[in-house]
Amino acid sequence: MSLTVELALSERAAGRSIALRLAEVIAAKPAAVIGVATGSSPEPIYAALADLVRDGLDASQVTWFALDEYLGLPAAHPQSYRSVLERALIRPLGLDPASLHVPAGHPATADADAEAYERLIGEAQVDVQILGIGHNGHIGFNEPGTPFASTTHRAVLTSTTRKANARYFDSLDLVPRECLTQGIATIMRAGTLELIASGAEKAPAVARALRGPVSEDCPASVVNLHGSVRVTVDADAASLLSSIAS
Ligand code: GLP
């Protein structure tokens, strides 16, 4: 059982540190399977990975699995998570878009798509899963109250999450109301979890997740039940964790 909290000097340094660990995983296992998150937190990881690829890292055999996708946005919509990850990860690293799996975003077939995605991830076995954390402690789009036993499923976004994500859309009304997300049990099957958080606004969620109690009210608190977790935070995100991070 290991949960390590790493205090990084900046958001950029946090991203670089995780990217270096991913590079080690890829060097040891070129066809590694890596779970990727969206949101602004993981962006420094992808930027640092792109630098490492420019310096010679070969990530061409890696398979990538996204955590979640909005329901109802066409795949080509600039804010669909497929588009976001193609922009942030696939293109900067010069990878084949077919190496990235993202849940489908069709409301009409969501339940069947969820089952298919769960099966695909189960067959692939994720080596490392990158996680951000929502203000309310969500991971992926698993909002408070989601059962720890959940697998990939259709879910309704809370108004907190829709408001937080409204910055990417022209208005709150345009933020989708539903999504398909890996479940908490799906995420927990990954070999290692790498959670990244930065900024003071994430401090309460980080503290709740790491200090406990471990509860479905704070989905990210489940990481305490995983055998291999690394939490990389900047000083602001760690500010309510003093006794853990010191
Ligand atoms: C979205 C994603 C989550 C992410 C969260 C936090 O809701 N589905 O995977 O962790 O946003 O995003 P940010 O890092 O931008 O605060």
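Atoms within a ligand are numbered from 1 in the order they appear, just like the ligands themselves.
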Would you say that more than 12 heavy atoms from the other residues, nucleotides or ligands in this model lie under 6.0 Å from the NZ of K29, or not? yes
Close approach, K202 and ligand 1, non-hydrogen under 4.0 angstrom: yes
Yes or no: does Q182 have any heavy atom under 4.0 Å from an atom of ligand 1? no
Is there a side-chain contact between R16 and L52 in this structure, where contact means two heavy atoms from C-beta onward sitting under 4.5 Å apart? yes
Check the pair T161 / H138 against side-chain hydrogen bond (donor to acceptor under 3.5 Å, both in side chains), numbers first and verdict last. CA-CA 9 Å; T161 298; H138 74 231; 3.2 Å; yes
Keeping R189 on the side-chain end and Q125 on the backbone end, is there a donor-acceptor pair under 3.5 Å? no
Protein contact to [atom] [nearest heavy atom, distance to 0.1 Å]:
atom                    : result
atom 8 (N) of ligand 1  : D68 OD2, 2.8 Å
atom 4 (C) of ligand 1  : T38 O, 3.8 Å
atom 14 (O) of ligand 1 : S41 OG, 2.4 Å

Ligand-side contact atoms (ligand 1) for residue partner [X], heavy atom cut-off under 4.0 Å:
X    : value
Y81  : 1 (C), 2 (C), 8 (N)
N165 : 1 (C), 7 (O)
H138 : 1 (C), 3 (C), 5 (C), 7 (O), 11 (O)
G39  : 12 (O), 13 (P), 14 (O), 15 (O)
G132 : 10 (O)

Check against side-chain hydrogen bond (donor to acceptor under 3.5 Å, both in side chains), R21 and S17: CA-CA 7 Å; R21 284 193 291 280; S17 174; 3.0 Å; yes
Determine whether the side chain, the backbone, both or neither of E69 has a heavy atom under 4.0 Å from any heavy atom of ligand 1. neither
With ring centroids as reference points, do Y81 and F141 lie under 6.0 angstrom apart? yes
Would T63 and H101 satisfy side chain to side chain contact (heavy atoms under 4.5 Å, CB included), going step by step from the backbone distance to the final call? CA-CA 8 Å; T63 303; H101 298 277; 3.5 Å; yes
Which residue from A220, G140, A164, G199 reaches closest to atom 3 (C) of ligand 1 through any of its heavy atoms? G140
Heavy-atom distance to atom 6 (C) of ligand 1: which of V84, T161, I133, V36 wins? I133
Polar proximity ligand 1 side, S40 side, N/O cut 3.5 Å exclusive: yes
N224/L3 under side chain to side chain contact (heavy atoms under 4.5 Å, CB included): CA gap, chis, key distance, verdict: CA-CA 7 Å; N224 292 285; L3 191 155; 3.6 Å; yes
Please assess D58 against S60 for the test side-chain hydrogen bond (donor to acceptor under 3.5 Å, both in side chains), listing each intermediate value before the final yes or no. CA-CA 6 Å; D58 179 3; S60 63; 2.6 Å; yes
